[in-house]
Amino acid sequence: MKTFTLLLLSFFLLKSQIILYAKTPEEKDLGCITLLMLASDKSKKDGEMVKYEKLKKLQKSFLSKYEDNHFSEKDSQSQINEHNLKIKEKGVRYINKGLQKCGLK
(Lines give C-alpha, C1' and ligand atoms only; values in the text may rest on other atoms or scores of the structure.)
Protein backbone atom coordinates (compact mmCIF):
# COMPACT_ATOMS: atom_id res chain seq x y z
CA MET A 1 0.00 0.00 0.00
CA LYS A 2 2.86 2.39 0.78
CA THR A 3 4.42 1.72 -2.61
CA PHE A 4 1.17 2.50 -4.38
CA THR A 5 0.73 5.75 -2.43
CA LEU A 6 4.32 6.74 -3.15
CA LEU A 7 3.88 5.96 -6.83
CA LEU A 8 0.65 7.94 -7.00
CA LEU A 9 2.21 10.90 -5.20
CA SER A 10 5.22 10.95 -7.50
CA PHE A 11 2.92 10.87 -10.55
CA PHE A 12 1.02 13.95 -9.35
CA LEU A 13 4.25 15.80 -8.58
CA LEU A 14 5.63 14.99 -12.02
CA LYS A 15 2.38 16.04 -13.70
CA SER A 16 2.44 19.39 -11.89
CA GLN A 17 6.05 19.96 -13.03
CA ILE A 18 5.07 19.29 -16.66
CA ILE A 19 2.15 21.72 -16.42
CA LEU A 20 4.42 24.31 -14.82
CA TYR A 21 6.78 24.25 -17.81
CA ALA A 22 4.07 24.11 -20.48
CA LYS A 23 3.77 27.20 -22.64
CA THR A 24 0.75 28.42 -24.51
CA PRO A 25 0.96 28.69 -28.31
CA GLU A 26 0.94 32.47 -27.91
CA GLU A 27 3.98 32.35 -25.58
CA LYS A 28 5.80 30.06 -28.01
CA ASP A 29 5.01 32.43 -30.88
CA LEU A 30 6.32 35.41 -28.93
CA GLY A 31 9.48 33.45 -28.20
CA CYS A 32 9.92 32.76 -31.91
CA ILE A 33 9.12 36.31 -32.94
CA THR A 34 11.70 37.77 -30.57
CA LEU A 35 14.35 35.16 -31.40
CA LEU A 36 13.81 35.77 -35.11
CA MET A 37 14.15 39.49 -34.50
CA LEU A 38 17.47 39.04 -32.69
CA ALA A 39 18.78 36.60 -35.30
CA SER A 40 17.74 38.82 -38.22
CA ASP A 41 19.44 41.85 -36.66
CA LYS A 42 22.62 39.81 -36.26
CA SER A 43 22.41 38.57 -39.86
CA LYS A 44 21.95 42.09 -41.16
CA LYS A 45 24.91 43.30 -39.09
CA ASP A 46 27.01 40.43 -40.47
CA GLY A 47 26.00 41.28 -44.05
CA GLU A 48 24.08 38.02 -44.58
CA MET A 49 21.18 39.60 -46.46
CA VAL A 50 19.69 36.35 -47.83
CA LYS A 51 19.47 34.91 -44.32
CA TYR A 52 18.17 38.26 -43.04
CA GLU A 53 15.31 38.25 -45.57
CA LYS A 54 14.44 34.63 -44.76
CA LEU A 55 14.32 35.38 -41.01
CA LYS A 56 12.23 38.52 -41.50
CA LYS A 57 9.75 36.62 -43.69
CA LEU A 58 9.33 33.93 -41.03
CA GLN A 59 8.94 36.59 -38.34
CA LYS A 60 6.19 38.28 -40.37
CA SER A 61 4.37 34.96 -40.75
CA PHE A 62 4.28 34.58 -36.95
CA LEU A 63 3.17 38.21 -36.50
CA SER A 64 0.40 37.82 -39.08
CA LYS A 65 -1.45 35.49 -36.70
CA TYR A 66 -2.06 38.43 -34.36
CA GLU A 67 -3.40 41.96 -34.65
CA ASP A 68 -0.98 44.88 -34.49
CA ASN A 69 0.45 45.56 -31.03
CA HIS A 70 -0.96 42.29 -29.68
CA PHE A 71 2.13 41.63 -27.59
CA SER A 72 2.98 44.24 -24.99
CA GLU A 73 6.35 45.97 -25.06
CA LYS A 74 6.98 44.62 -21.55
CA ASP A 75 6.37 41.00 -22.61
CA SER A 76 8.50 41.39 -25.73
CA GLN A 77 11.38 42.98 -23.84
CA SER A 78 11.18 40.30 -21.16
CA GLN A 79 11.43 37.60 -23.83
CA ILE A 80 14.36 39.38 -25.51
CA ASN A 81 16.17 39.60 -22.18
CA GLU A 82 15.57 35.88 -21.60
CA HIS A 83 16.97 35.06 -25.05
CA ASN A 84 20.02 37.27 -24.51
CA LEU A 85 20.73 35.55 -21.20
CA LYS A 86 20.52 32.11 -22.81
CA ILE A 87 22.66 33.25 -25.74
CA LYS A 88 25.36 34.34 -23.28
CA GLU A 89 25.17 30.93 -21.57
CA LYS A 90 24.90 28.65 -24.60
CA GLY A 91 26.08 30.78 -27.53
CA VAL A 92 25.12 30.42 -31.18
CA ARG A 93 23.93 26.87 -30.61
CA TYR A 94 20.97 28.23 -28.62
CA ILE A 95 20.00 30.49 -31.53
CA ASN A 96 20.30 27.74 -34.14
CA LYS A 97 18.33 25.25 -32.08
CA GLY A 98 15.65 27.85 -31.35
CA LEU A 99 15.34 28.84 -34.99
CA GLN A 100 14.83 25.19 -35.94
CA LYS A 101 12.03 24.95 -33.38
CA CYS A 102 10.49 28.04 -34.94
CA GLY A 103 10.41 26.42 -38.36
CA LEU A 104 13.56 27.72 -40.03
CA LYS A 105 14.91 25.16 -42.49
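Side-chain atoms are counted along with the backbone in the values below, which use heavy atoms only and exclude waters and symmetry mates.
The minimum heavy-atom distance linking Ser61 with Ser64 is given by the pair O-OG, 2.8 Å. The shortest non-hydrogen separation linking Phe71 to Glu26 is CE2-CG, 3.6 Å.
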With a cut-off of 3.5 Å and sequence neighbours excluded, list every side-chain donor-acceptor pair involving residues 76-86.
unit_1 : atom_1 : unit_2 : atom_2 : d
Ser76  : OG     : Ser72  : O      : 3.1
Gln77  : NE2    : Asn81  : OD1    : 3.0
Asn81  : ND2    : Gln77  : O      : 3.3
His83  : ND1    : Tyr94  : OH     : 2.7
His83  : NE2    : Gly31  : O      : 2.9
His83  : NE2    : Thr34  : OG1    : 3.0
Asn84  : ND2    : Ile80  : O      : 3.4

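Side-chain contact check for Lys90 versus Lys97: every heavy-atom pair is 4.5 Å or farther apart. Leu55 has its side chain within reach of Leu99: a pair of non-hydrogen atoms, C-beta onward, lies under 4.5 Å apart. Using a 4.5 Å cut-off on side-chain heavy atoms (C-beta onward), Asp46 and Tyr52 make no contact. A heavy-atom distance below 4.5 Å is found between the side chains of Leu63 and Ile33. Side-chain contact between Val50 and Lys54 is absent, with no heavy atoms from C-beta onward closer than 4.5 Å.
Side chains of Lys56 and Gln59: a donor-acceptor N/O pair is present below 3.5 angstrom, by distance only.
Note: Leu38 CG to Ile87 CD1 = 5.5 Å, rounded to the nearest 0.5 Å. Rounding to the nearest 0.5 angstrom, the gap separating the CE atom in Met37 from the SG atom in Cys32 is 13.0 Å. To the nearest 0.5 Å, the span separating NE2 on His70 from NZ on Lys65 amounts to 11.0 Å. For the atom pair CD1 (Ile95) and SG (Cys102), the distance works out to 11.5 Å, reported to the nearest 0.5 Å. Interatomic distance, Lys28 NZ to Phe62 CZ, rounded to the nearest 0.5 Å: 11.0 Å. Atom NZ of Lys105 and atom CG of Leu58 lie 10.0 Å apart (nearest 0.5 Å).
Under a cut-off of 6.0 angstrom, the local environment of CD in Glu73 is sparse, with at most 12 non-hydrogen atoms contributed by other residues, nucleotides or ligands.
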